[in-house]
Each structure stands twice: as C-alpha cells, then as structure tokens.
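The structure appears below as structure tokens.
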Amino acid sequence: MRRGVGAVAGAVGGALLLSGCGAIELPLAGVRVGADGVPYALIRPCGDDRIQGLSLTGTKAGDGTGKDLSGWWVRGKRRTGDAGFPLFSPLAEWHAHHTGPQRPVAEYTYQLGFMKGDFNYEYSTTLTFRAADLAKLRPGQVWADDRVMSLGEFEKLAEDSC
C-alpha cells in the first residue's frame with residue numbers, strides 16, 4: 001500500500017514539475033522617489049502572507065558575473081504587511097545584510113523581490129529597474145510592472161493581482 005501511495009505522489013509531483021507549475025510572478029513591488037529625492041521601496045504581499053527572500057540586488061550589466069554589487073537581503077520568513085521604506089534602508093528589525101554602495105548607481109540594474117514564504121511558494125515578485133527609471137518619476141508616481149504609474153494604479157494593480 002505504501003509503495004502505491006509513493007508511486008502516485010511521485011507521479012503527481014513529476015507531472016507538476018514537467019508541466020511547469022510553480023510560483024507565479026505577481027507585480028507586488030514598486031519604487032517611488034520621495035520629495036527629498038530619496039528612493040523608497042513599496043512591497044505589497046497578498047493579505048497577511050509570510051514572505052521570504054526579501055532583497056534588493058544591483059548588478060552591472062554586461063560584466064558577465066551576475067555578482068551582487070549593491071543592495072541588501074533579509075534572512076528568514078516574516079509577515080511585513082504592506083510596507084514602504086527607503087530603498088537602501090530596510091526596516092532595522094529585519095536585520096538586513098548590506099553589500100556595496102547603498103545608493104542608486106547609474107550602471108547597475110536593480111531587482112527588488114520576495115516570494116510567498118509558505119511551503120507552496122504560490123507567488124514571487126521581482127521588480128527590475130535602473131537609476132534612469134527612478135529619474136523618470138514625479139511626485140506621486142511609482143515604477144512597477146516595468147512602467148511608470150500613479151500610486152493609486154500601483155495599489156490597484158497589486159490588490160487585483162492577489
């Protein structure tokens with residue numbers, strides 16, 4: 001009997017793996033620039049989901065290494081709720097680990113991301129941007145989903161995506 005259950009579980013798992021089922025990418029992160037010129041991160045996990053892998057990575061295009069040259073990462077799973085914070089200064093209680101310059105670097109491509117922190121990892125979020133994208137933003141605008149939008153549009157996009 002156990003062999004039969006194991007075979008069925010293996011077949012189902014294999015089918016899911018081969019079918020490409022996995023975490024879906026949702027537009028739940030954005031960046032904005034404050035009146036003081038400081039860039040801010042906006043994260044919008046679905047409901048009260050725990051998240052993990054919260055990070056900002058900056059890499060230099062064309063260097064071939066993919067090495068993180070700027071940014072930070074947060075260890076563990078946590079419930080953040082909707083959060084906004086200076087892009088290069090995540091909340092102190094998250095104990096972020098920093099690397100490289102903590103400011104936008106023109107030559108770097110940045111990715112702000114996280115994933116649902118439960119066993120099924122239903123979704124992940126990766127926002128890609130450059131310093132030039134931040135420079136396009138006016139007060140009340142957000143860079144999300146590879147484009148400029150209003151804060152209200154971002155909030156609706158994130159809410160509708162969940």
Side-chain angles (χ1 to χ4, degrees), residues 13 16-17 19-59 66-106 108-162:
L16 288 173
L17 180 64
S19 71
C21 290
I24 60 171
E25 186 74 18
L26 298 178
L28 304 177
V31 291
R32 68 174 185 84
V33 177
D36 56 0
V38 174
Y40 285 81
L42 303 171
I43 60 172
R44 301 295 187 260
C46 295
D48 68 345
D49 287 348
R50 289 187 315 162
I51 64 169
Q52 69 179 21
L54 180 58
S55 64
L56 174 69
T57 58
T59 57
K67 184 178 178 185
D68 295 343
L69 301 172
S70 174
W72 48 263
W73 58 274
V74 176
R75 179 177 287 145
K77 299 177 183 180
R78 61 195 68 250
R79 290 194 201 295
T80 62
D82 291 354
F85 50 89
L87 184 61
F88 290 96
S89 299
L91 301 179
E93 61 264 24
W94 294 350
H95 305 287
H97 303 271
H98 294 82
T99 185
Q102 297 299 295
R103 59 177 170 67
V105 176
Y108 293 179
T109 298
Y110 290 91
Q111 290 190 322
L112 173 65
F114 62 88
M115 67 187 330
K116 183 177 178 184
D118 293 322
F119 71 93
N120 56 7
Y121 305 114
E122 292 172 2
Y123 63 83
S124 63
T125 295
T126 305
L127 173 68
T128 302
F129 62 95
R130 300 189 58 140
D133 298 319
L134 297 176
K136 296 175 190 175
L137 299 175
R138 302 290 167 245
Q141 292 184 320
V142 174
W143 179 266
D145 202 27
D146 295 324
R147 59 192 165 96
V148 175
M149 63 184 68
S150 72
L151 178 58
E153 289 171 312
F154 168 66
E155 297 294 358
K156 182 167 178 17
L157 176 67
E159 183 179 323
D160 290 351
S161 296
C162 292

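This structure is a prediction, so every number in the text was calculated from the model and none was measured.
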Side chains of residues 22-36: which donor-acceptor partners sit under 3.5 Å, not counting sequence neighbours?
| unit_1 | atom_1 | unit_2 | atom_2 | d |
| --- | --- | --- | --- | --- |
| Glu25 | OE1 | Ser124 | OG | 3.0 |
| Glu25 | OE2 | Thr126 | N | 2.4 |
| Glu25 | OE2 | Thr126 | OG1 | 3.4 |
| Asp36 | OD1 | Val38 | N | 3.1 |

Next on the checklist: To the closest 0.5 Å, what do you measure between CG (Leu54) and CH2 (Trp73)?
Outcome noted: 11.5 Å

Item to check | Sequence-distant partners of Gln102, side-chain hydrogen bond (donor to acceptor under 3.5 Å, both in side chains), two or more places apart | outcome: none

Item to check | disulfide (SG to SG under 2.5 Å) pairs, two or more places apart, involving residues 110-160 | outcome: none

Next on the checklist: Could you work out, with side-chain hydrogen bond (donor to acceptor under 3.5 Å, both in side chains) as the rule, every residue matching Ser150, not counting sequence neighbours?
Outcome noted: Glu153

Checklist outcome for this item: Applying salt bridge (charged side-chain N to carboxylate O under 4.0 Å, His left out) to Asp145 and not counting sequence neighbours gives Arg147

Item to check | Pair listing, disulfide (SG to SG under 2.5 Å) test, anchored in residues 117-157, at least two apart | outcome: none

Checklist outcome for this item: Residues at least two apart in sequence or cross-chain that pass salt bridge (charged side-chain N to carboxylate O under 4.0 Å, His left out) with Arg50, listed by chain then number, are Asp118

Anything under 3.5 Å between a donor and an acceptor, one on a side chain of residues 75-100, the other on a protein residue two or more places apart or in another chain? List them.
| unit_1 | atom_1 | unit_2 | atom_2 | d |
| --- | --- | --- | --- | --- |
| Lys77 | NZ | Gly117 | O | 3.2 |
| Arg78 | NH2 | Arg75 | O | 2.7 |
| Arg79 | NH1 | Asp48 | O | 2.7 |

Checklist outcome for this item: Rounding to 0.5 Å, atoms NZ (Lys67) and OG1 (Thr59) come to a distance of 12.5 Å

Next on the checklist: Listing request: all ring pair (Phe, Tyr, Trp, His ring centres under 6.0 Å) pairs with a residue in residues 125-144, at least two apart in sequence or in separate chains.
Outcome noted: Tyr110-Phe129

Checklist outcome for this item: Here the gap from Arg103 atom CZ to Ser70 atom OG, rounded to the nearest 0.5 Å, amounts to 7.5 Å

Checklist outcome for this item: Rounded to the nearest 0.5 Å, the CZ atom of Phe154 sits from the CG atom of Leu42 at a distance of 5.5 Å

Checklist entry - Should Thr125 and Ile51 count as side-chain neighbours, where that means a heavy-atom distance under 4.5 Å? => result no

Scan the side chains in residues 155-162 for donor-acceptor partners under 3.5 Å anywhere in the protein, sequence neighbours excluded, and list what turns up.
| unit_1 | atom_1 | unit_2 | atom_2 | d |
| --- | --- | --- | --- | --- |
| Glu155 | OE1 | Arg44 | NE | 2.9 |
| Glu155 | OE2 | Arg44 | NE | 3.3 |
| Glu155 | OE2 | Arg44 | NH2 | 2.7 |
| Lys156 | NZ | Asp160 | OD2 | 2.7 |
| Ser161 | OG | Leu157 | O | 2.7 |

Item to check | Inter-residue atom distance Leu112.CG - Trp72.CH2, 0.5 Å rounding | outcome: 5.5 Å

Checklist entry - Hey, are the side chains of Val142 and Val148 touching, using non-hydrogen atoms and a 4.5 Å cut-off? => result no

Next on the checklist: Please enumerate all residues that pass salt bridge (charged side-chain N to carboxylate O under 4.0 Å, His left out) together with Asp133, with sequence neighbours excluded.
Outcome noted: Lys136

Checklist entry - Among all residues two or more places apart in sequence or in another chain, which pass the side-chain hydrogen bond (donor to acceptor under 3.5 Å, both in side chains) test with Asp49? => result Tyr123

Checklist entry - Got a second to check how far Leu127's CG is from Ile43's CD1, nearest 0.5 Å? => result 12.0 Å

